[in-house]
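First comes the structure, then the notes that go with it.
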Amino acid sequence: MDVSFAITGKGYVILAADTTAAHSIIKVKLDEDKIKELSPHLLMAYSGEPGDTVQFAEYVERNIRLYQIRNLYPLRPSSAASWIRRSLADSLRSRKPYSVNLLLGGYDTTTHTPHLYWMDYLGTLVDVPFAAHGYGSYFALSLLDRYHDPEAPLEEGLAVLKRCIDEVTKRLVVAQPKYKVKVVDKDGVREVEL
Amino acid sequence: MPDGSFAQQPQQRQFNPYTENGGTILAIAGADFTVIAGDTRQSEGYSIQTRYAPKVFRLTDRAVLAVNGFAADGNMFVKKVKQRLEWYRHAHAKDMPLRAIARLIQTMLYAQRFFPYYVYNILGGIEEDGSGAVYSFDPVGSYEREACRAAGAAQALVQPFLDNQIYFKNQMAAAGQSHPLHLPLSDVLAIVIDSFTSATERHIEVGDGLEMYVVLAKGRSSQGLDGLRGAQEISTTNDGDRVFVIRRELKKD
Amino acid sequence: MSIMQYNGGSVIAMVGKDCVAIASDLRLGVQSLSISANYQKIFPITDRIYVGLPGLGTDVTTLHEQFRYRVNMYTIKEEREIEPQTFAQLVSSTLYERRFGPYFIEPVVAGMQKLPTGGFAPFIAATDLIGCLNFAKDFVVAGTASEKLFGVAEGLWEPDLEAEDLFETISQTLLNAVDRDAFSGWGAVVHVITKDKVVTRTLKGRMD
């Protein structure tokens with residue numbers, strides 16, 4: 001029942017994910033952070049099979065960190081996306097594949113451009129202007145088709161994201177009460193309050 | 001059983017009353033004519049049952065019906081439609097108008113809603129106002145009047161080609177001009193022949209022969225049709241709408 | 001529903017007079033939900049070879065990376081560029097390696113083949129998901145709209161089309177075919193390859 005969205009704008013990417021951790025029909029935690037800060041300019045929202053998600057996200061986090069320690073500079077978003085994709089694609093054809101869907105938002109400090117990648121547990125990697133996972137995608141994608149502007153300043157981007165969250169809260173039966181929202185831009189990653 | 005007993009095991013048997021007999025049908029309406037065509041191959045699985053089994057039938061001098069799908073159902077359905085049209089003639093001393101035949105077919109198909117005739121119907125002919133018309137049906141009677149329609153085994157091959165050549169989809173008209181609403185008969189016949197030769201080339205269930213019925217509105221000159229190779233008039237009168245049939249060979253492999 | 005239809009997408013390649021064209025749609029979806037309207041599934045291999053990879057999204061990327069690696073190794077070892085015919089065989093053997101656990105991709109290759117005389121000849125080929133090659137002389141199709149592509153191409157294509165006419169023919173074929181396919185469409189890209197240049201055009205398409 002995870003819901004996550006992401007949109008790009010002028011020089012930034014916003015990621016949002018609900019904060020519920022559920023076991024079957026029980027909510028066991030209401031402030032779970034499902035967006036990892038992989039590097040100074042890279043965010044990853046993860047969702048999917050409980051257990052797989054955190055395990056895989058931490059595996060990615062540590063490998064991306066290891067790269068930065070070894071090379072003294074972090075991976076660019078496109079390279080990080082390729083590496084993570086390959087991990088999932090290899091996992092898919094292994095004995096026990098990870099069931100994890102990702103949104104990867106990053107700011108490329110060499111070209112000064114924001115990047116957003118949609119990735120599913122199969123290892124399908126797509127470069128997109130906006131994206132969503134879970135039941136929220138059926139609401140968010142059509143809203144974003146109408147309201148997304150790749151040149152919008154951060155305030156407008158956050159306003160559009162709020163429309164998505166409000167719509168899901170209003171219309172989705174299994175609506176999530178709280179969302180964590182993070183932004184990545186030239187200044188790095190940070191959490192914002194809506 | 002291994003111990004020699006004959007314990008009663010539940011068994012299930014089923015009779016499947018349907019089969020699929022391949023082939024393709026197609027109809028295109030012009031301003032004052034309609035072409036209704038079908039190939040003549042009838043098959044079951046990889047076997048050809050016959051190279052000449054008509055799928056297109058003259059109902060009246062202004063209506064032609066093409067049926068495709070399960071051949072036995074198709075033949076029975078045409079027989080019943082013809083019977084209803086004869087009763088209409090006896091009661092009203094005239095042929096049933098095309099739009100009325102279309103509605104009749106819907107009622108007859110929907111009457112079998114829970115044991116349907118496994119056929120796709122395409123009805124072509126001339127309306128009372130003299131315009132060419134095509135009506136296409138699904139097996140349970142949903143229908144629609146259109147300018148052109150393909151159905152059957154090669155529908156997926158032919159319909160997008162027709163979208164392009166008849167409706168001019170994805171084409172832009174020359175500056176200051178617009179696409180014609182209806183094409184002349186010679187163009188339509190050429191497109192029908194091309195559609196079937198293409199379908200024959202790429203689909204194993206299409207081929208052998210092609211029958212094209214042409215219905216001409218009353219008073220329209222048959223110019224071009226009489227001279228056409230193999231064109232044969234099959235109308236009962238020559239002072240009303242007229243029906244012609246043109247036969248062509250298709251590849252037999 | 002089949003894995004081959006999970007993400008949707010179609011590719012077609014055609015032969016012309018001293019040219020070849022390869023084109024695809026730009027959709028990537030998850031069953032009936034469209035995710036992207038700008039998903040490239042045709043990739044340049046050399047200046048004269050393009051490959052289209054319709055099928056399962058994850059395998060599009062995996063195979064593209066695999067082909068890039070193997071073509072790079074070929075170029076280094078042979079100290080020359082790979083030819084279309086050779087590349088088609090490489091595609092075939094790469095897929096057949098996974099005979100009993102295949103990549104869910106039906107590749108389409110288009111390129112200009114260097115002749116012993118020094119000239120160039122148009123070359124197209126397609127394989128199924130386990131690498132069975134089809135060297136057609138006219139056109140090859142693959143993807144969720146393949147049946148429709150066959151029908152339209154068979155009606156529109158003719159031999160010895162000049163580059164501009166081939167572009168028109170392949171574009172019309174692709175657009176009209178994908179418009180009747182729920183899993184393909186959302187724009188298209190067309191590459192026309194001649195011996196000394198490649199012209200790439202992006203087409204607008206219906207967004208429904």
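Chain letters run A, B, ... following the sequence lines, proteins first, then strands; residues in each count from 1. Only a predicted model underlies this, so the values are computations on that prediction, with no experimental measurement involved.
Within 6.0 Å of the NZ atom in K17(C), the count of heavy atoms belonging to other residues, nucleotides or ligands does not exceed 12. A 6.0 Å sphere centred on CZ of F67(C) holds more than 12 heavy atoms belonging to other residues, nucleotides or ligands. Counting heavy atoms of neighbouring residues, nucleotides and ligands inside a 6.0 Å radius, atom OH of Y96(C) does not exceed 12 of them. The local environment of CG in L115(C) is crowded, with over 12 non-hydrogen atoms from other residues, nucleotides or ligands closer than 6.0 Å. Residue-environment remark: CZ (R99(B)) stays at or below the threshold of 12 foreign heavy atoms within 6.0 Å. More than 12 heavy atoms of other residues, nucleotides or ligands shown are found within 6.0 angstrom of CZ on F120(C). Applying the 6.0 Å contact sphere to CE of M1(C) captures more than 12 heavy atoms from other residues, nucleotides or ligands.
Within residues 140-160 of chain B, the residues that have a heavy atom under 4.5 Å from a heavy atom of chain C are R149(B), A153(B), A156(B), L157(B), Q159(B), P160(B), listed by number.
A salt bridge between D179(C) and K169(B) is absent, with no side-chain N of the basic residue lying under 4.0 Å from a carboxylate O of the acidic one.
The backbone N or O of N170(B) lies less than 3.5 Å from a partner atom in the side chain of Q172(C), making a donor-acceptor pair.
Annotation for V152(C) and F161(B): closest pair CG2-N, 3.8 Å, computed over non-hydrogen atoms.
Here the CG-CZ distance, from L149(C) to R202(B), works out to 11.0 Å after rounding to the nearest 0.5 Å. To the nearest 0.5 Å, atoms CG (N164(B)) and OG1 (T173(C)) are separated by 8.0 Å. The CG atom of L162(B) lies 9.0 Å from the CZ atom of R180(C); values are rounded to the nearest 0.5 Å.
Contacts between D194(B) and chain C at a heavy-atom distance below 4.5 Å are absent for every atom of the residue.
Considering only heavy-atom pairs separated by less than 4.5 Å from chain B, the leading option among K148(C), E168(C), R206(C) is K148(C).
Contact annotation: the side chain of E154(C) never approaches that of T197(B) to less than 4.5 Å [non-hydrogen atoms, C-beta and beyond].
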